[in-house]
There are 2 protein chains.
Amino acid sequence: MKTTIKDIAESTGLSITTVSRVLNGKAEQYRISITTQENIKETAKKLNYVPNQFAANLKSGKSKTIALILPVLSNPFFASIASEINLLMYKHGYMTILTDCDENIDIENATLNKIQSYNIEGLLIAPSGDKYEKILYLHDTGLPVVCIDRYFEGLDIPYVATDNYAGAYSATEELIKKGHKNIVCIQGNKESSPNRQRVKGFQDALMKANITQATVQGDAFSMENGYIETMLILKGKNIPTAIFTLSNTIALGCMKALKEENIKIPEDISLITYDNSLYFDFLKTPLSSIEQPLSEISKIAVRILMAKINGEELHSTQIFLNPEIIIRDSVKSL
Amino acid sequence: MKTTIKDIAESTGLSITTVSRVLNGKAEQYRISITTQENIKETAKKLNYVPNQFAANLKSGKSKTIALILPVLSNPFFASIASEINLLMYKHGYMTILTDCDENIDIENATLNKIQSYNIEGLLIAPSGDKYEKILYLHDTGLPVVCIDRYFEGLDIPYVATDNYAGAYSATEELIKKGHKNIVCIQGNKESSPNRQRVKGFQDALMKANITQATVQGDAFSMENGYIETMLILKGKNIPTAIFTLSNTIALGCMKALKEENIKIPEDISLITYDNSLYFDFLKTPLSSIEQPLSEISKIAVRILMAKINGEELHSTQIFLNPEIIIRDSVKSL
DNA sequence: AATAATAGCACAAACGCTTGCGCATTTCAT
DNA sequence: ATGAAATGCGCAAGCGTTTGTGCTATTATT
């Protein structure tokens with residue numbers, strides 16, 4: 001049997017009220033004597049008391065819990081974000097309920113429903129698709145919501161993301177600068193805002209350079225997609241001189257296909273990718289990439305969320321961070 | 001205002017009891033008519049009803065929630081495990097509260113305290129240190145607990161881990177087979193069981209081959225540790241012919257140091273590491289490694305946990321899985 | 001027609017905690 | 001000595017559910 005506040009009350013001969021107040025640090029406020037406070041705290045320790053959050057939250061409505069919903073944790077990009085956010089929230093005294101949606105909108109929706117049952121005080125989400133109804137509903141309901149990485153254009157839901165357009169633009173520029181004109185872009189989840197922005201950046205950069213051919217193919221932020229699309233590219237008639245992959249996972253699949261087909265980077269084909277990885281420096285051909293400020297994204301997202309939770313007014317809640325291009329050796333100068 | 005079961009009761013003219021029963025699928029059991037059932041379900045939808053878990057859990061004591069406590073999510077090894085477990089538990093109808101302890105025993109302890117407040121039904125943990133008191137206490141208390149990857153020797157807490165001894169042994173054997181005699185092992189967290197087992201496997205393999213020199217250094221499963229220790233090795237007088245790193249993160253740090261010092265793998269020094277990575281195939285020198293069965297670990301851990309939660313008897317709850325050695329090109333034959 | 005079953009639902013307590021209010025008792029000022 | 005203020009604490013309602021028990025119609029049985 002777990003010991004409750006009542007046991008402490010009985011054991012000390014004090015009332016439940018007083019015990020609750022002492023244990024919640026409201027002793028001063030209610031003028032509980034030091035003696036009583038110590039007495040209560042001691043017997044709480046002695047009885048191994050652990051408060052029941054469910055009971056506390058039921059009454060107070062505060063859960064000290066937030067939800068973090070991500071498309072997929074096995075992608076290092078999201079894993080890092082999860083790691084940071086988790087730690088930051090912990091420092092703010094919050095628990096994090098995490099859900100990996102497996103890029104599945106149904107799981108996301110079910111989770112979104114379920115978390116409401118937990119009286120969460122905030123929601124941090126990188127949406128798996130472009131269905132915003134539920135999220136918007138929660139937001140309108142007054143729940144502090146912050147989108148991470150992926151967001152919804154035109155809505156006033158706070159978000160923090162990198163400037164995907166700029167990142168893709170500069171990656172493409174880099175290719176063009178090195179003389180590439182026949183470039184194909186392997187994209188990810190078409191329903192996600194980062195993907196749309198990146199594709200747009202890619203296309204606009206080409207257009208600016210008067211390159212009319214702008215092939216964009218693929219449909220998932222996955223290694224498999226990268227592999228398949230690369231194979232398709234290699235087996236086609238018009239093989240490009242460069243590939244731009246829109247995520248680290250896609251890049252991995254792409255490299256796998258290239259390796260199998262014995263195509264050398266950058267001699268035979270150039271490659272640049274969105275997302276950075278610690279491994280990129282050590283690859284056979286160090287991979288040029290667009291690095292997102294992971295740590296900053298997490299910090300700002302938490303900052304905004306906490307502000308919302310605490311009712312603080314923020315000047316701006318829709319934040320774009322600048323990605324950085326890291327030039328390594330995977331793009332050949334034609 | 002959130003709609004409660006009471007609102008539904010009022011709206012339908014039925015009692016709270018009946019509403020609760022219908023909504024919990026206990027209609028048959030209490031012979032609630034189909035008409036009533038449908039009526040209740042419909043108005044529940046109409047009113048946008050979301051059950052309050054806190055209230056439900058308070059009464060029932062069941063939370064449909066488990067806790068997953070990991071040392072650090074940014075390590076792909078744990079990220080993958082988190083991803084899988086999260087999904088599996090979701091399919092079992094459970095929410096997962098995740099905590100990234102940052103390899104910090106204090107955070108772990110605080111978390112362990114806190115989760116009790118959440119009436120969690122199970123605990124999945126890869127301990128950050130070797131302090132088992134709290135975990136053992138929870139286990140003895142009747143809470144289903146399963147250790148992942150790291151476990152406590154001599155206790156009967158269930159665990160699922162890879163056979164770290166065997167993995168390290170075979171990695172070392174591989175080095176010896178290729179003629180290496182001067183090998184140093186860069187270890188991780190000395191307080192963790194995998195580290196101890198791996199070090200032992202390393203030492204035993206050397207002993208078996210009558211190699212008396214067995215240097216083991218370092219103290220963290222981190223890139224930084226790998227970097228520093230490698231630098232130390234390179235600056236020393238007796239430079240080994242091979243390095244065995246005990247994790248992917250350590251290997252990364254090691255490679256960084258080697259690159260900076262312009263030491264080539266495997267020409268100048270051989271390297272083999274514990275943990276596999278999707279990137280290993282694409283490295284400048286594809287890295288030989290010991291692969292752990294990530295997916296199986298997660299599945300079995302969840303299987304055991306669910307069995308415990310459901311009061312099912314299991315034949316064995318302390319499981320070792322076999323790691324696999326993947327030979328690539330990072331070990332030179334002397 | 002009288003009794004027994006069954007169907008269909010409601011009462012009310014309880015889960016462990018928070019909190020607005022209020023009541024003694026003591027201390028202080030005058 | 002007396003009223004006012006301060007001190008120290010308890011009452012009891014209520015948060016939204018679940019659940020053992022029991023009550024009333026309706027139907028079946030003979």
Side-chain angles (χ1 to χ4, degrees), chain A residues 1-41 43-44 47-65 114-121, chain B residues 1-41 43-44 47-65 114-121:
Chain A
M1 263 312 59
K2 285 194 175 176
T3 94
T4 73
I5 217 177
K6 194 176 165 190
D7 299 325
I8 301 179
E10 278 167 7
S11 174
T12 57
L14 293 160
S15 77
I16 288 182
T17 307
T18 304
V19 175
S20 169
R21 291 195 166 125
V22 169
L23 262 23
N24 285 305
K26 299 194 180 161
E28 304 306 309
Q29 188 182 338
Y30 287 94
R31 300 170 314 228
I32 314 290
S33 70
I34 301 288
T35 328
T36 302
Q37 291 187 40
E38 284 173 352
N39 187 219
I40 289 176
K41 286 178 183 163
T43 57
L47 298 182
N48 244 315
Y49 173 71
V50 176
N52 180 330
Q53 282 296 336
F54 289 122
N57 300 164
L58 214 214
K59 192 70 181 96
S60 69
K62 298 281 162 207
S63 63
K64 283 288 180 182
T65 301
K114 199 147 187 209
I115 57 167
Q116 292 179 75
S117 308
Y118 285 79
N119 271 12
I120 54 157
E121 293 182 39
Chain B
M1 267 308 64
K2 284 194 176 177
T3 95
T4 74
I5 218 178
K6 193 175 165 191
D7 299 325
I8 301 179
E10 277 167 8
S11 174
T12 57
L14 292 160
S15 76
I16 288 182
T17 306
T18 304
V19 174
S20 169
R21 292 197 165 123
V22 169
L23 262 23
N24 285 306
K26 300 194 180 163
E28 305 305 310
Q29 188 182 338
Y30 288 94
R31 301 172 313 230
I32 313 290
S33 70
I34 303 286
T35 328
T36 302
Q37 290 186 41
E38 285 173 350
N39 187 219
I40 288 176
K41 285 179 186 165
T43 57
L47 298 181
N48 246 314
Y49 173 70
V50 176
N52 181 328
Q53 284 295 338
F54 290 123
N57 300 165
L58 176 56
K59 192 68 183 97
S60 68
K62 299 280 161 208
S63 63
K64 283 288 180 183
T65 301
K114 200 147 187 207
I115 56 167
Q116 292 179 75
S117 308
Y118 284 78
N119 270 14
I120 54 158
E121 293 182 40

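In what follows, every heavy atom counts, from backbone to side chain, and hydrogens, waters and symmetry copies are set aside. In what follows, chains carry the letters A, B, and so on, assigned in the order in which the sequence lines appear, proteins first and then strands, with residues in each chain numbered from 1.
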**Short side-chain to backbone donor-acceptor contact, Thr43(A) and Ile8(A), under 3.5 Å** = no
**Prompt:** Rounded to whole angstrom units, what separation is found between the CD1 atom of Ile8(B) and the C1' atom of dG16(D)?
**Reply:** 12 Å
**Request:** Whole angstrom is fine here: how far is it from NZ in Lys62(A) over to P in dG16(C)?
**Result:** 24 Å
**Message:** Nearest whole Å is fine: how far is dC17(C) C1' from Asn57(A) CG?
**Reply:** 10 Å
**Asked** Just checking, any donor-acceptor pair under 3.5 angstrom between side chains of Tyr118(A) and Thr65(B)?
**Response** yes
**Asked** What is the distance, rounded to the nearest whole Å, between atom CD1 of Ile5(B) and atom P of dC15(D)?
**Response** 14 Å
**Request:** Give a yes/no on whether any side-chain N or O of Asn24(A) is located under 4.0 angstrom from OP1 or OP2 of dT18(C).
**Result:** yes
**Prompt:** Can you tell me how far CG of Leu14(B) sits from CZ of Arg21(B), rounded to the nearest 0.5 angstrom?
**Reply:** 12.5 Å
**Message:** For Thr35(A), is there any backbone N or O sitting under 3.5 Å from a side-chain donor or acceptor partner on Asn39(A)?
**Reply:** no
**Request:** Look at the side-chain N and O atoms of Lys26(A) and state whether any lies under 4.0 Å from the OP1 or OP2 oxygen of dT19(C).
**Result:** yes
**Message:** On DNA chain C, does the nearest nucleotide to Lys59(B) precede the nearest nucleotide to Gln37(B) from the 5' side, or the other way round? Give the residue.
**Reply:** Gln37(B)
**Prompt:** Starting at CG of Asp7(A) and ending at P of dC15(C), how long is that distance when rounded to a whole Å?
**Reply:** 11 Å
**Prompt:** Counting just side-chain N and O atoms, does Thr36(A) come under 4.0 Å of either OP1 or OP2 of dC9(D)?
**Reply:** yes
**Request:** Starting from P on dG8(C), measure out to CD on Glu28(B) and report it in whole angstrom.
**Result:** 10 Å
**Asked** Between Thr4(B) and dG16(D), is there a side-chain N or O to OP1/OP2 distance below 4.0 Å?
**Response** no
**Request:** With DNA chain D as reference, determine whether Leu58(A) or Arg31(B) sits nearer its 5' end, using the nearest nucleotide of each.
**Result:** Leu58(A)
**Closest to the Ser33(A) side chain, choosing from dG8(C), dA13(C), dC9(D)** = dC9(D)
**Asked** Ignoring hydrogens and angles, are the base of dC9(D) and the side chain of Thr17(A) linked by a donor-acceptor pair under 3.5 Å?
**Response** no
**Asked** What nucleic acid atoms does Ser20(B) come within less than 4.0 Å of, heavy atoms only: base, sugar-phosphate, or nothing?
**Response** base
**Item:** Side-chain donor/acceptor contact of Arg21(A) with base of dG10(D) under 3.5 Å
**Value:** yes
**Request:** Starting at atom CD of Glu10(B), determine the distance to atom P of dG16(D), rounded to an integer number of angstrom.
**Result:** 12 Å
**Asked** Looking at dG8(D), dG10(D), dC17(C), which one has an atom nearest to any side-chain atom of Ser15(A)?
**Response** dG10(D)
**Thr18(A) side chain, from C-beta outward: closest of dA13(D), dT19(D), dG10(D)** = dG10(D)
**Asked** Do the side chain of Lys2(B) and the main chain of Gln116(A) share a donor and acceptor less than 3.5 angstrom apart?
**Response** yes
**Asked** Reckon Leu14(B) touches a base, only the sugar-phosphate, or nothing at all at heavy-atom distances under 4.0 Å?
**Response** sugar-phosphate
**Fill in**
Quick note, Ile16(A) side chain, CB onward, closest among dT18(D), dA10(C), dT18(C) is dT18(C)
**Message:** Quick check against the 3.5 Å criterion: does Gln53(B) have a side-chain atom that pairs as donor or acceptor with the backbone of Ser63(B)?
**Reply:** no
**Message:** Can you identify which nucleotide, out of dT18(D), dC9(C), dG16(C), has its nearest atom closest to the Ala55(A) side chain?
**Reply:** dG16(C)
**Length of the line joining Phe54(B):CZ and dG16(D):P, which is rounded to integer Å** = 13 Å
**Asked** Does the side chain of Tyr30(B) get closer than 4.0 angstrom to OP1 or OP2 of dT18(D) through an N or O atom?
**Response** no
